[in-house]
Amino acid sequence: MNDDCDCVLFSQTQIEEGVRALASRLTKEYQGKNPLFVCILKGSVFFFSDLVRWINIPCELDFVSVSSYGRGTVSGELTVKKDLSCDVSGRHVVLVEDIIDSGNTLFKLKNLLKARNPASLKIVTLLDKPARREAPISADDSCFTVGDEFVVGYGLDYAERYRNLPFIGVLKRCVYEK
Ligand code: IMP
Ligand code: MG
C-alpha cells in the first residue's frame, strides 16, 4: 500500500507535532467555554480523536456526516447522512475537518449549523489546500497547508482506501489515472 505513494508529505511525528500545537491553541482559546467539537466523518476520524485528547479543558464531542449533490458545487443540495446528536444553539462549536479543498461542502455545512444559532462557530482543518478554493470559506486554524496534489492517509482516502496509513502521503497519479 505504501508503494502507491510518491512520497511521505507528513510523517507520524510531524502530524503529532502539528496536532498538539493546534490543540494547545484551542485549549487557550476555549477556557471556560465548554466547547463542542464536531467530527466530520469519515476523513477527520484520526485527526479528531488525536486532537481532542490533547485538549486540556472540559469539552463535548459530536459527529456529523454529510455529502453534497453534483460533486459538491456551491449551488448543490447538502445531504445530511448523519446529523449531530445534540442541540448547538448557544454552544461554542468547533468543526473539525480533514482537508478543505474547493470548500463547497463545508460552506453548506457551516450555513446549516449557523442557522441553528451557535454562540460561535469555528472551522479547524488538518490540511488546507487554498489553491483549489471555490466557495467563500477559509479555515480559522489549520495544522498544515498543502499544494494542489492528491494526498491520502491519516483518515484521508482515495475511493475509501488508504485511510489507515499512519502518515500523509502524495498518491501516485498512476493509481487514480489508470
Ligand atoms: P471540498 O468540498 O472540495 O472542500 O472537499 C472536501 C473533501 O474532499 C474532503 O473532506 C475530503 O474528503 C476530499 N478531498 C479533497 N482533497 C482531497 C485529497 O487530496 N485527498 C483525499 N481527499 C480529499
Ligand atoms: Mg473523502
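Each ligand, and each atom within it, is numbered from 1 in the order the structure gives. Numbers here are sequence positions counted from 1.
Below 3.5 Å of separation, one finds an N or O of G103 facing an N or O of ligand 1. Annotation: V152 places no N or O atom under 3.5 Å from an N or O atom of ligand 1; distance criterion only.
With a 6.0 Å radius and a threshold of 12 heavy atoms from other residues, nucleotides or ligands, K28 has its NZ atom at or below the threshold.
For atom 5 (O) of ligand 1, the nearest non-hydrogen atom from the set L106, I40, D101, V151 comes from D101. Here atom 6 (C) of ligand 1 lies nearest to I99 when heavy atoms of T105, V66, I99 are compared.
Using a 4.0 Å cut-off between charged side-chain N and carboxylate O, R20 and E16 make a salt bridge.
Contact atoms of ligand 1 toward N104: 2 (O) (distance under 4.0 Å to a heavy atom of the residue). In summary, the atoms of ligand 1 found under 4.0 Å from a heavy atom of E97, numbered by their order in the structure, are 10 (O). Listed by number with element, the atoms of ligand 1 under 4.0 angstrom from any heavy atom of S102 are 1 (P), 2 (O), 3 (O), 4 (O). Atoms of ligand 1 found under 4.0 Å from any heavy atom of E149 (numbered from 1 in listed order, with element): 19 (O).
Take E160 and apply the side-chain hydrogen bond (donor to acceptor under 3.5 Å, both in side chains) test, not counting sequence neighbours, and it matches K42, R163.
Contact annotation: for R132 versus ligand 1, there are no heavy atoms closer than 4.0 Å. Heavy atoms of K129 found under 4.0 angstrom from ligand 1 belong exclusively to the side chain. Under 4.0 angstrom from ligand 1, the non-hydrogen atoms of L156 all belong to its side chain.
Ring orientation note: the planes of F150 and Y158 are nearly perpendicular, at an angle over 60° on the 30°/60° scale.
Taking 4.0 Å as the cut-off, D157 counts as a neighbour of ligand 1 on heavy-atom distance.
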Run S68 and T105 through side-chain hydrogen bond (donor to acceptor under 3.5 Å, both in side chains) and show every step you take.
CA-CA 6 Å; S68 61; T105 309; 3.3 Å; yes

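Looking at D62, its side chain does come within 3.5 Å of a backbone N or O of C86 through a donor-acceptor pair. Between the D140 side chain and the V124 main chain, no donor and acceptor come within less than 3.5 Å of each other.
Linking ILVMFWY side-chain heavy atoms closer than 4.5 Å, directly or via other members, places V175 and I168 in two distinct hydrophobic clusters.
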